Amino acid sequence: MTKIILAGGFGKLGQAIQNGLVNTDYEIVGILSGKNHESDFPVWTSVEDITVSADIFLDVSTPASVYDNALWAIKNNMAVVIGATGLQDDQIKSLQNLATKGVLIVPNFSLSAVLLMQFSQLAAKYFADVEIVEAHNPKKVDSPSGTAVQTAKLIAESRVDAPQQTQVGQARGQQIDDVPVHAMRLPGYIAQQTVYFGGTDEQLTLSQSTTSRSAFVPGVLLALDGVKKIDGLVIGLDHVL
């Protein structure tokens, strides 16, 4: 049985993970949370309070805590799966240098989102002009989403030609590697992303959405299995598919 410490275990995704790990080869041995909760598992509000060891530290908490959590987990010889967003490029580089076991950063645990990113990479070789629109629930603390940021970076890496330059303004989205990204925060949405490609007299639109956080659980299980097989730090669930 592989032992798991779960950070952010009482958020909606964390609760879906708690349910999803029942009757699997993974055992939650404790939960790290911003505040105390009643639980069948030990609950800690600080990494300094953690009293058990684990094989994998699974973090779906918040941007404010994810970096310090990862540093603690690496120091305590755990593999790390990071589903929380908010890591800066310099922080990722630091974790990469410090990693002694696998560190897997997953912008999105949804398999359809992973495929969308792969399809976008392929399309970017032929269509340089592209924009991203993503929608999440109003409580999402970061915008644009980590998925949108990663999608934009992958598109930029795959482009053969430079995109056409257009008018710049507040309504034109945030520029990420010369890809405009637009973030919507609306009730009724869980996670949705659409990538619009434009060419001469033709358009290509790629879209994916999730309607329940249970959709992320298969990806979480793949990440937990995959992080044990990698060395160092990698970004993206596709590295362990």
Side-chain angles (χ1 to χ4, degrees), residues 11-13 60-67 82-93 105-211 213 215-216 219 234-239:
K12 290 184 178 180
L13 176 55
V60 292
S61 60
T62 66
S65 60
V66 59
Y67 178 63
I82 298 174
T85 57
L87 285 172
Q88 303 301 309
D89 288 343
D90 60 332
Q91 293 176 328
I92 293 173
K93 184 65 175 178
I105 299 174
V106 183
N108 197 315
F109 287 110
S110 164
L111 297 180
S112 63
V114 173
L115 291 172
L116 175 65
M117 286 186 271
Q118 292 182 337
F119 298 157
S120 296
Q121 284 181 278
L122 176 60
K125 296 178 180 179
Y126 306 97
F127 296 94
D129 297 290
V130 54
E131 301 200 17
I132 298 172
V133 178
E134 56 96 341
H136 286 77
N137 70 88
K139 293 184 178 180
K140 185 170 178 59
V141 295
D142 59 323
S143 63
S145 68
T147 302
V149 171
Q150 181 67 4
T151 304
K153 290 181 176 180
L154 292 172
I155 286 171
E157 291 173 3
S158 299
R159 277 172 167 159
V160 176
D161 300 316
Q164 297 183 39
Q165 295 304 305
T166 61
Q167 185 74 26
V168 176
Q170 289 185 342
R172 293 294 297 119
Q174 180 177 332
Q175 294 286 326
I176 299 176
D177 289 349
D178 225 5
V179 177
V181 179
H182 311 264
M184 301 190 298
R185 297 292 175 265
L186 296 167
Y189 285 83
I190 301 295
Q192 178 175 303
Q193 178 167 287
T194 303
V195 185
Y196 295 90
F197 292 91
T200 303
D201 298 327
E202 60 179 335
Q203 304 84 39
L204 172 64
T205 303
L206 304 175
S207 185
Q208 69 83 217
S209 63
T210 52
T211 56
R213 288 171 179 82
F216 300 121
V234 297
I235 301 175
L237 189 62
D238 53 301
H239 287 280

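The basis for the numbers below is simple: all heavy atoms, side chains too, and nothing from hydrogens, waters or symmetry mates. Please read these numbers as outputs of a predicted model, since none were measured by experiment.
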Apply side chain to side chain contact (heavy atoms under 4.5 Å, CB included) to Glu202 and Phe127, showing your working. CA-CA 10 Å; Glu202 60 179 335; Phe127 296 94; 3.8 Å; yes
Could you state the interatomic distance from [atom1] ([X]) to [atom2] ([Y]), rounded to the nearest 0.5 Å?
X	Y	atom1	atom2	result
Glu131	Ile155	CD	CD1	10.5 Å
Asp142	Thr62	CG	OG1	10.0 Å
Thr194	Leu116	OG1	CG	8.0 Å
Ile132	Leu206	CD1	CG	10.5 Å

Go through the steps to decide whether Ile235 and Ile92 satisfy the test side chain to side chain contact (heavy atoms under 4.5 Å, CB included), and finish with yes or no. CA-CA 10 Å; Ile235 301 175; Ile92 293 173; 4.3 Å; yes
Measure across [X] and [Y] and return the closest heavy-atom pair with its distance rounded to 0.1 Å.
X	Y	result
Ser120	Phe197	O-CZ, 3.6 Å
Ser143	Ala183	CB-CB, 3.9 Å
Thr210	Ala215	CG2-CB, 4.1 Å
Ala128	Pro163	O-CB, 3.5 Å
Ala156	Asp177	CB-CB, 3.5 Å
Pro144	Gln174	CD-OE1, 3.2 Å

So Asp129 and Asp161, side chain to side chain contact (heavy atoms under 4.5 Å, CB included) or not? Walk me through it. CA-CA 9 Å; Asp129 297 290; Asp161 300 316; over 6 Å; no
Indicate yes or no: at least one non-hydrogen side-chain atom of [X] is less than 4.5 angstrom from one of [Y].
X	Y	answer
Tyr126	Leu204	no
Val66	Ile82	yes
Asn108	Leu237	no
Val181	Val149	no
Arg159	Asp178	yes

Side chains of Arg172 and Thr166: any donor to acceptor distance under 3.5 Å? yes
Looking only at the side chains, is there a donor atom on one of Ser145 and Thr147 sitting less than 3.5 Å from an acceptor on the other? no
With the threshold set at 4.0 Å, does a side-chain nitrogen-carboxylate oxygen contact exist between Lys153 and Asp89? yes
Side chain to side chain contact (heavy atoms under 4.5 Å, CB included) between Tyr189 and Ser209, worked out: CA-CA 9 Å; Tyr189 285 83; Ser209 63; over 6 Å; no
Out of Lys140, Arg185, Gln192, His182, which residue meets the side chain to side chain donor-acceptor pair (under 3.5 Å) rule with Glu134? Arg185
Got a sec, which residues hit side-chain contact (heavy atoms from CB on, under 4.5 Å) with Leu154, two or more places apart in sequence or on another chain? Met117, Gln121, Gln150, Glu157
Give a yes or no answer on whether the side chain of Gln175 reaches the backbone of Gly173 with a donor-acceptor pair at less than 3.5 Å.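 Not confirmed, Gln175 side chain does not pair with Gly173 backbone.
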Backbone of Ala148 reached by a side-chain donor or acceptor of Gln193 within 3.5 Å: yes
